[in-house]
Q: 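If you scroll down you'll find the structure; I have some questions about it.
The analysis underlying the following values was restricted to heavy atoms, covering all of them including side chains, and did not include hydrogens, waters or symmetry mates. What you are looking at is a predicted structure, and each value in this text was computed from that prediction instead of being measured. Lettering of chains follows the sequences in order, A, B, ..., and the numbering in each one begins at 1.
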Amino acid sequence: MAGIALSTPAAMRRSSSSPALRMPGPGGRMARMARLDADPERHNDPLYRRRHSLAHVLAQAVLELRPGSKLGFGPPVDTGFYYDFLFEAPLEERELAEIERRMRRILKRGVRFEREELTVADAVRRLDEIEQPFKVEYARDLESTLGVEQISFYRSGDFIDMCEGPHVESTREIPRDSFRLDSLAGAYWRGDERNPMMTRIYGLAFESKAALEEFVRKRELARERDHRKLGAELEIFAISDEIGRGLPLWLPNGTVLRDELEQLAREEEFRAGYQRVSTPHIAKADLYRTSGHLPYYTESMYPPMQLDDEEAYYLKPMNCPHHHTIFAARPRSYRELPLRLAEYGDVYRYEKSGQLAGLLRVRGMRMNDAHIYCTLEQAREEFAAVIDMHKKYYDMFRLTEFWMRLSLHSPDQEKFVTAEERWVFAEQLVREVLAQMQVPFEERVGEAAFYGPKVDYQVTNVVGREETASTGQLDFIASERFNLEYVARDGSRQRPWIIHRAPLGTHERFVSFLLEHFGGFFPTWLAPLQVVLIPVSMGERFVEYGRKLQRVLHDDLLRARFDDSPDSFGKKIRNAETHKVPNLFILGQKEIDSGAVTWRRHGQREHQPFLPFTAAHQALRTLRERRLMDNFEDVDVPAWSGGDA
RNA sequence: GCUGGUGUAGCUCAGCUGGUAGAGCAACGCACUCGUAAUGCGUAGGUCCGCGGUUCGACUCCGCGCACCAGCUCCA
């Protein structure tokens, strides 16, 4: 069951509705993961029935081909369906074609779906007979955990499966060309890695052949925007075996993005009363014993560096212990609070190899980190300010495809510090702040940090993978562990509350989202190359003029390049366009004659104003200084829109 | 980590059943001096992911590694 959504006005919910409904476009993993069978309304959806029935047909075809295979779960998902199997011998991808053929044959036959209900005991007996141990396990589980007494089965031809339904009446209702087997994957029985790994077959299924093809086409299109593809094409980053998996190298273009984001953060944090600090990349084991990382977080840490006669050192997986140590460096007064310490800090986490993915999941990352030390009375206001900062950035970058998750602890999971009342208190505090601010969110149990509840910004990338992009956390554990205290007005010693926050997340993840969100087309202020000056020919006077203007822009710290390659004029335009440079200045005789440029914007061939170079220069400065999002069409580019065509 | 797939020039890819490799783009050179998405000609570039094995002979077959891609982290 989905978490309870609190204080979520219907109108605002749309942008942050459940993952299943939120999928922006062509779905991948998220879409697949979002099982639809939890929502009773979906059961009336004819497409839901078809997909569900196709899962059965898939199982039937598989059993024809591989008798004795064991069945797991086989639900519909919002791009089709899947079914999990345990095979005696591994299934290879090329066998999917044969399975698909058999499925079509079954559809053609017009098999009817018939429901019957059995008592749990009878159900178990039947499942034993047909040798489906996973189903037996599940049937027993339904009885013991949910108190289910009757279990329904669906029979379609000679295939029978324990199933809640509903299904189509007859397989004839399903157009034979409206589905396709998509891929093969491993999946643990009941999603638990201690269980056997089954083989999952994914199928795509839509209303019609046309809808299926449309989906496949859109998915292809989305893959064009994959940050790994764009990152290579635009020379943003590279990952090399020589350096190590999950340890990206930032190329000059990517480093511009990082520098600009850091500049943005520095300015915003300065205005918001943060102070900057810098801390080393390694620290002694004892620090992480104090912080609680060693018991709770070791799996995600690189192994220790052991020196002779000395305590082991660890690469830091988080900046917090270092910042806490700064807080503790001298006695603190309540007058200093809230104390806000910020650092774009490099951290290293040993992610499981199978989790690594481009910039999205890495092992070395740079985080827009800060810790706010405050009194309990200040905690609400500070947390609200943190959420405000998140909102400001998301509005600014026009990131609308996200949902906010209030991540709570789970009393029965070991990874959470035991302190039930304080968890409840902290969670309620955060919940109230969010409610007060009228931001829509959904609660998820078991997603908290080990030291406190979080507000996570969940973003889905182009291939449908969901990750946390930003986070704000309330920590009620660390100040005790680190023995942090301040002297209150009455002279007593008090523990500060701590807020952890990373509204711009990590460069790695944030840039990957921006790349995909913008399709590689960055606003002028962020763009690695802000303007390319292109002469109509390499005649001496054009070259001279172009170099002169380039120097003026460059001296003004604008990232301008004069294209003096031997390429043709058309080729230069093309090169600049494929590199998604936001601004091109075209220079020819008439521009020289009046000290002007013809300004072509990325992808804009129609309207190209002719204006004095000084005006164009000034406009670039404005774009930069105001950080205008001129990669969006509705944003007016100064001096451009009004100019001559 | 686990399951399945993939690995050929900087990039995208071709290479039939074993006889040691090609194309386009990019790079470089020469010519061209051009008004809005690819000027022409030429040159160079490969440990066919790595290491072992089978074979007269391995990019091709087998084994073991490595990397990348997709998926798995609770309901028929």
Side-chain angles (χ1 to χ4, degrees), chain A residues 1 28-29 32-33 35 37-38 52 55-56 59 71-76 82-84 86-87 90-96 123 127 132 134-135 138-139 141-142 145-146 148 151-154 161-165 182-202 223 226 228-229 232-233 235 238-242 244-246 299 350-358 446 463-465 534-543 566-579 584 586-591 598 600 602-606 608:
Chain A
M1 210 35 205
R29 180 174 159 205
R32 290 166 169 178
M33 275 170 49
R35 300 186 49 156
D37 43 358
H52 200 169
H56 281 230
L71 304 178
F73 293 135
Y82 69 77
Y83 216 115
D84 290 341
L86 191 65
F87 294 113
L91 186 78
E92 287 174 33
E93 212 161 78
R94 53 196 161 93
E95 294 176 75
L96 290 183
L127 292 167
Q132 290 299 348
F134 296 111
K135 300 278 182 183
Y138 190 58
D141 215 50
L142 284 177
T145 59
L146 292 176
V148 168
I151 288 188
S152 60
F153 282 77
Y154 275 84
D161 195 5
M162 166 181 156
C163 173
E164 190 182 31
D182 193 34
S183 62
L184 214 55
Y188 299 106
W189 165 239
R190 309 196 79 172
D192 190 326
E193 63 186 357
R194 290 165 301 193
N195 288 338
M197 162 89 40
M198 307 183 77
T199 302
R200 175 170 298 180
I201 301 178
Y202 277 106
R223 284 176 181 160
D226 190 309
R228 288 167 294 197
K229 187 174 159 63
E233 284 170 5
E235 296 185 52
I239 293 177
S240 158
D241 286 357
E242 313 282 308
R245 306 178 70 178
E299 269 188 21
Y350 194 80
E351 296 283 349
K352 286 195 227 165
S353 61
Q355 300 284 19
L356 301 176
V463 288
R465 193 181 284 241
I534 300 180
V536 295
S537 95
M538 284 299 276
E540 211 175 303
R541 57 191 190 282
F542 304 122
V543 172
D567 291 329
S568 67
F569 179 56
K571 187 59 179 291
K572 288 178 182 183
I573 301 274
R574 180 182 157 81
N575 281 342
E577 287 290 353
T578 54
H579 285 91
L584 312 186
I586 311 298
L587 314 172
Q589 191 56 53
K590 64 176 181 163
E591 284 79 6
T598 292
R600 173 175 169 141
H602 172 66
Q604 264 287 350
R605 27 201 316 207
E606 318 304 328
Q608 294 186 31

Q: Kindly indicate whether the side chain of A/Arg574, heavy atoms from C-beta on, has any atom under 4.5 Å from the side chain of A/Asp567.
A: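 In short, these two side chains do not touch, never coming nearer than 4.5 Å.
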Q: Please determine, for the side chain of A/Thr578, which listed nucleotide (B/G35, B/C2, B/A37) has the closest atom?
A: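 Of all the options, the side chain of A/Thr578 is nearest to B/A37.
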Q: How many whole angstroms separate atom CD of A/Glu193 from atom C1' of B/C72?
A: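 So the CD-C1' distance, A/Glu193 to B/C72, works out to 10 Å.
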Q: Would the distance check show the side chain of A/Glu233 and the main-chain N or O of A/His579 forming a donor-acceptor pair, the cut-off being under 3.5 Å?
A: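 Side chain of A/Glu233 to backbone of A/His579, a donor-acceptor pair under 3.5 Å: no, none is there.
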Q: When you compare B/U12 with B/U55, how far apart are their P atoms, in angstrom units rounded to a whole number?
A: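 It works out to 37 Å between them.
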Q: What interatomic distance, in whole Å, is found between C1' of B/C61 and the corresponding atom of B/C2?
A: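 One C1' to the other, the span is 28 Å.
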Q: Sticking with atom P, work out how far B/U60 lies from B/G7, rounded to a whole angstrom.
A: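 My reading of the P atoms in B/U60 and B/G7 gives 12 Å.
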Q: Do A/Glu577 side-chain and B/U36 base share a donor-acceptor contact under 3.5 Å?
A: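 In this structure, the two groups form no donor-acceptor pair.
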Q: Which nucleotide, in any strand shown, forms a Watson-Crick or G-U wobble pair with B/C2, with both distances under 3.5 Å?
A: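 Here B/C2 is engaged in a pair, and the nucleotide opposite it is B/G71.
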Q: Write down the distance separating the P atoms in B/G5 and B/A9, rounded off to the nearest Å.
A: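 After rounding to an integer number of Å, I get 22 Å for this pair.
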Q: Tell me if a side-chain donor or acceptor on A/Thr199 pairs with a main-chain N or O of A/Leu86 at a distance below 3.5 Å.
A: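 Between the backbone of A/Leu86 and the side chain of A/Thr199 there is no qualifying donor-acceptor contact (under 3.5 Å).
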Q: Check every atom of B/A37, B/U36, B/G1 against the side chain of A/Arg574 and return the nucleotide holding the closest atom.
A: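 Comparing B/A37, B/U36, B/G1 against the side chain of A/Arg574, the answer is B/A37.
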Q: Look for any protein N or O under 3.5 Å of an N or O in nucleotides 26-32 of chain B and output each such pair with its distance, or none.
A:
| unit_1 | atom_1 | unit_2 | atom_2 | d |
| --- | --- | --- | --- | --- |
| B/A26 | OP1 | A/Lys571 | NZ | 2.4 |

Q: Using the P atom as the point on both nucleotides, what is the distance between B/G10 and B/C56, in whole Å?
A: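 One P to the other, the span is 34 Å.
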Q: Would you say CD of A/Gln604 has more than 12 non-hydrogen atoms from neighbouring residues, nucleotides or ligands within 6.0 angstrom?
A: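 More than 12 heavy atoms, drawn from other residues, nucleotides or ligands, come within 6.0 Å of this atom.
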Q: Which residue lies toward the 5' end of RNA chain B, A/Tyr350 or A/Glu591, if each is placed at its nearest nucleotide?
A: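 Closest to the 5' end, via its nearest nucleotide, is A/Tyr350.
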Q: What does the list of N/O pairs under 3.5 Å between the protein and nucleotides 67-69 of chain B look like, with a distance for each?
A:
| unit_1 | atom_1 | unit_2 | atom_2 | d |
| --- | --- | --- | --- | --- |
| B/A67 | OP2 | A/Arg245 | NH1 | 3.3 |
| B/C68 | OP2 | A/Arg245 | NE | 2.4 |
| B/C68 | OP2 | A/Arg245 | NH2 | 2.5 |
| B/C69 | OP1 | A/Arg228 | NH1 | 3.0 |

Q: A/Arg190 has a side chain; which of B/C34, B/C74, B/A37 sits nearest to it?
A: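 Of the options given, the side chain of A/Arg190 lies nearest B/C74.
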Q: Searching all strands shown, indicate the nucleotide that pairs with B/G57 (Watson-Crick or G-U wobble; both distances under 3.5 Å).
A: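 The answer is none; no pair meets the criterion.
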Q: When rounded to the nearest Å, what value does the distance between C1' atoms of B/U33 and B/A27 take?
A: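 Result for the C1' pair: 22 Å, nearest Å.
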Q: I'd like to check the salt bridge (Lys or Arg N to Asp or Glu O under 4.0 Å) partners of A/Asp241; sequence neighbours left out, ordered by chain and number.
A: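 Checked A/Asp241 against salt bridge (Lys or Arg N to Asp or Glu O under 4.0 Å); zero matches.
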Q: Under a 3.5 Å cut-off for both distances, is B/C64 Watson-Crick or wobble paired, and to whom?
A: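 B/C64 is paired, partner B/G50.
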Q: Check side chain to side chain donor-acceptor pair (under 3.5 Å) between A/Tyr188 and all other residues, then give those that pass, not counting sequence neighbours.
A: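 Partners of A/Tyr188 by the side chain to side chain donor-acceptor pair (under 3.5 Å) criterion come out as none, since no residue qualifies.
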Q: Watson-Crick or G-U wobble partner for B/U43, using a 3.5 Å limit on both distances?
A: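 Pair assignment: B/U43 / B/A27.
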Q: Are any non-hydrogen side-chain atoms of A/Leu356 and A/Ile239 less than 4.5 angstrom apart?
A: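 Contact flag for A/Leu356/A/Ile239 side chains = no.
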Q: Reckon A/Gly588 touches a base, only the sugar-phosphate, or nothing at all at heavy-atom distances under 4.0 Å?
A: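 If one applies the 4.0 Å heavy-atom cut-off, A/Gly588 turns out to touch a base.
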Q: Can you tell me, in whole Å, how much space there is between the P of B/C74 and that of B/C16?
A: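 These two P atoms come out 44 Å apart once rounded.
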Q: Are side-chain heavy atoms of A/Leu184 and A/Ile201 found at a separation under 4.5 Å?
A: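 Yes, close enough: below the 4.5 Å cut-off.
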Q: What is the distance from CG of A/Asn195 to C1' of B/G1, rounded to the nearest Å?
A: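 Distance check: A/Asn195 CG to B/G1 C1' gives 15 Å.
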Q: Can you name the residues that form a side-chain contact (heavy atoms from CB on, under 4.5 Å) with A/Asn195, not counting sequence neighbours?
A: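 Result, side-chain contact (heavy atoms from CB on, under 4.5 Å) vs A/Asn195: A/Trp189, A/Arg190, A/Asp192.
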Q: I need the NZ-P distance between A/Lys572 and B/U39, as an integer number of Å.
A: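 The distance from NZ of A/Lys572 to P of B/U39 comes to 11 Å, rounded to the nearest Å.
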Q: Would you say the side chain of A/Phe542 lies within less than 4.5 Å of the side chain of A/Gln589, judging by non-hydrogen atoms?
A: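 They are in contact (side-chain heavy atoms under 4.5 Å apart), so the answer is yes.
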Q: With respect to the side chain of A/Phe569, which nucleotide from B/A37, B/U73, B/C34 is positioned closest?
A: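 The closest nucleotide is B/C34.
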Q: For A/Gln589 and B/C34, give me the distance from atom CD to atom P, rounded to whole Å.
A: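 So the CD-P distance, A/Gln589 to B/C34, works out to 11 Å.
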Q: Strictly below 4.0 Å: does A/Arg465 bring a side-chain N or O up to OP1 or OP2 of B/G71?
A: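 Yes, such a contact exists.
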Q: Could I get the full list of side chain to side chain donor-acceptor pair (under 3.5 Å) partners for A/Lys135, not counting sequence neighbours?
A: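 Counting only residues at least two positions away or on another chain, A/Lys135 forms a side chain to side chain donor-acceptor pair (under 3.5 Å) with A/Tyr83, A/Asp161.
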Q: May I have the distance from A/Arg194 (atom CZ) to B/C74 (atom P), rounded to whole angstrom?
A: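 Between P of B/C74 and CZ of A/Arg194: 12 Å.
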Q: Look at A/Tyr188 and B/G1 and indicate whether a side-chain polar atom (N or O) is within less than 4.0 Å of OP1 or OP2.
A: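 Negative; the distance criterion is not met.
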Q: Could you pick out which residue, A/Thr199 or A/Val148, lies toward the 5' side of RNA chain B when each is mapped onto its nearest nucleotide?
A: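 This one resolves to A/Thr199.
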Q: What is the distance from CD1 of A/Ile573 to C1' of B/C34, rounded to the nearest Å?
A: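 Taking CD1 of A/Ile573 and C1' of B/C34, I get 12 Å after rounding.
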Q: Whole angstroms only, please: what is the CG-C1' distance between A/Leu146 and B/C74?
A: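 It works out to 12 Å between those atoms.
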Q: Give me the distance, rounded to whole Å, that separates B/C41 from B/G46 when you measure between the C1' atoms they each carry.
A: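 Straight-line distance between the two C1' atoms is 25 Å.
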Q: So, does A/Ser568 get its side chain near the phosphate of B/U39, meaning an N or O under 4.0 Å from OP1 or OP2?
A: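 So the side-chain polar atoms of A/Ser568 do come within 4.0 Å of the phosphate oxygens OP1 or OP2 of B/U39, strictly under.
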Q: Remember a base hit wins even if backbone is also touched, and classify A/Ile151 as base, sugar-phosphate or nothing at under 4.0 Å, heavy atoms.
A: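 Base, at least one base atom sits under 4.0 Å.
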Q: Tell me which nucleotide, if any, is Watson-Crick or G-U wobble paired with B/C32 when both distances must be under 3.5 Å.
A: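 Base partner found: none.
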Q: Mark yes or no for a side-chain to base donor-acceptor pair under 3.5 Å between A/Arg600 and B/U36, with no hydrogen or angle criteria applied.
A: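 In this structure, the two groups form a donor-acceptor pair.
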Q: Please work out if A/Leu142 contacts a base, only the sugar-phosphate, or nothing of the nucleic acid, heavy-atom cut-off 4.0 Å.
A: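 A/Leu142: base contact, heavy atoms under 4.0 Å.
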Q: Should we say atom CZ of A/Arg605 is surrounded by more than 12 heavy atoms from elsewhere, each under 6.0 Å from it?
A: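 At most 12 heavy atoms, drawn from other residues, nucleotides or ligands, come within 6.0 Å of this atom.
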Q: How is A/Gly191 classified with respect to the nucleic acid when contacts are heavy atoms under 4.0 Å: base, sugar-phosphate, or nothing?
A: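 Since only primed, P, OP1 and OP2 atoms lie under 4.0 Å of A/Gly191, the category is sugar-phosphate.
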Q: Measure from the side-chain N and O atoms of A/Gln132 to the backbone N and O of A/Leu71, and report whether any donor-acceptor pair falls under 3.5 Å.
A: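 Answer holds: yes.
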Q: Tell me the interatomic distance from A/Lys352, atom NZ, to B/U3, atom P, rounded to whole angstroms.
A: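 Going from NZ in A/Lys352 over to P in B/U3 covers 13 Å.
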Q: Whom does B/U17 pair with, Watson-Crick or G-U wobble, provided both distances fall under 3.5 Å?
A: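 For B/U17, the partner nucleotide comes out as none, under the 3.5 Å rule.
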